[in-house]
Amino acid sequence: MDYHVKDLGLADQGRLRVEWAMREMPVLASIAARFAEERPLQGVRLAACLHVTTETAALMKTLKAGGASLRLCASNPLSTQDDVAAYLVKYEEIPVFAVKGEDSDTYYRHINQVLDLQPNLTMDDGADLVFTLHSKRQELLEHVWGGTEETTTGVIRLRAMAADGVLRYPMIAVNDALTKYLFDNRYGTGQSTIDGILRATNRLLPGSVFVVSGYGWCGRGVAMRAKGMGARVVITETDPLKALEAVMDGFEVLPMAQAARLGDFFCTVTGDIKVIREEHFLVMKDGAILCNSGHFNVEIDLEGLARLSTGQRQIRESVEEYTLPNGRCVYVLGEGRLVNLAAAEGHPAAVMDMSFANQSLASEYIVKNRDKLEKKVYPMPVAIDREIAVAIDREIARLKLAAMGVEIDRLTPEQEEYLASYHLGT
Ligand code: ADE
């Protein structure tokens with residue numbers, strides 16, 4: 001079997017960590033059990049480009065139970081958990097191509113090795129695999145029935161491709177499922193980002209000024225948790241609607257030019273480039289911590305920072321110190337890559353449970369409906385058949401609540417009738 005991982009000797013450690021994560025993934029487990037019986041992915045070749053984590057291992061096991069033949073590579077050079085990669089190769093016999101810290105050439109070589117599978121389905125997190133397929137490996141497009149995309153940034157890229165008329169097969173935006181973004185993006189990013197910052201720095205949050213750039217679902221999660229830890233949270237935004245929400249949620253909203261002077265911590269979650277740049281570094285406090293939880297390492301202008309700095313050294317694991325011409329130092333975590341995966345373990349399993357339940361069901365959906373789908377980006381909750389897709393989201397939420405032991409009320413027949421009618425008013 002062809003594969004590239006750091007060290008197969010790590011497989012036993014990975015196996016225990018995967019077992020630990022799977023305790024928190026009951027929804028995915030129920031899908032895996034059904035997949036094992038029904039084999040909806042029998043013989044389907046699936047190329048996956050995802051963060052190689054314990055939770056992703058649980059997803060791979062589910063897809064394999066459904067009959068898929070798989071290959072997996074990393075969706076970020078710094079997010080791979082090497083023990084998990086080793087476990088998947090040694091115990092699940094899934095070809096994995098991922099090594100934590102791989103350089104850019106290796107990252108793309110791995111994507112190409114995964115594409116060598118000649119996939120029928122692609123499963124991407126950030127659209128690097130899809131873009132490589134569309135630009136450098138077009139000869140493989142004829143085999144592909146459809147793909148799924150895990151994250152906001154990837155969905156934005158795919159929509160841009162569709163708008164340009166270059167998207168060559170149907171996509172489901174898993175990110176847009178309610179049971180994905182309301183939980184994974186908000187609670188997952190919120191907790192795991194703070195986790196990454198604390199593991200990397202061991203700095204005290206209470207009493208600090210914590211600047212969050214971007215008030216989308218991920219930014220909200222980070223802001224909420226930083227506030228909960230006792231930080232004074234400042235939001236920067238470019239979208240007036242989101243900025244207004246931040247104000248009404250009780251946060252101070254400032255332009256970055258002002259926030260830059262105040263922050264002890266900065267976390268970018270915008271999906272855009274150069275959100276923190278030269279003019280901002282120059283006015284920051286000595287000791288400011290800078291990190292990013294957006295998909296790509298483009299939000300902090302690291303090239304500009306390196307150019308400006310008079311010195312640079314790694315001072316702790318995942319912490320790079322930059323000395324500015326004014327003598328102050330600022331610290332960048334995890335090379336400006338997703339801090340929650342570079343310096344911690346990513347989102348906890350309990351939220352990835354729902355994200356990956358969506359991935360599994362979206363893959364099944366594409367296989368079943370491959371003759372009907374068009375070359376466009378389908379939003380998961382509405383998709384092709386509104387009834388079915390909405391039911392998927394509600395069904396995942398229902399299973400999750402049941403697993404958590406939470407009971408909810410049911411509408412009485414009279415209440416259902418009331419909601420469906422327009423005759424009763426004042
Ligand atoms: N993205 C964020 N957290 C993740 C995790 N734990 N596994 C896979 N993808 C992720």
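Just follow the structure's listing: the first ligand is 1, and inside any ligand the first atom is 1. Hydrogens, waters and symmetry mates are skipped; everything else that's a heavy atom, side chains included, is used. All figures in this text were calculated on a predicted structure; none of them were measured in a lab.
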Inset, instruction - Give a yes or no on whether the ring-centroid distance for F183 and H347 is below 6.0 angstrom. - result: no
Legend entry - R277 vs E279, salt bridge (charged side-chain N to carboxylate O under 4.0 Å, His left out): CA-CA, chis, key distance, verdict: CA-CA 6 Å; R277 46 187 186 266; E279 72 251 36; 3.1 Å; yes
Legend entry - Side-chain donor-acceptor pair present, Y215, E245, cut-off under 3.5 Å: no
Inset, instruction - Might you list the protein residues in contact with ligand 1, defined as having a heavy atom under 4.0 Å from one of its atoms, sorted by chain and number? - result: H51, T53, E55, T56, L341, E345, G346, H347, M352, F356
Inset, instruction - Report the residues that fulfil salt bridge (charged side-chain N to carboxylate O under 4.0 Å, His left out) with R313, sequence neighbours left out, ordered by chain and then residue number. - result: E321
Inset, instruction - Run through H110, H4, R109 and flag the one making a side-chain hydrogen bond (donor to acceptor under 3.5 Å, both in side chains) with E102. - result: H110
Legend entry - side-chain contact (heavy atoms from CB on, under 4.5 Å), paired with S213, selected from T236, V234, I235: T236
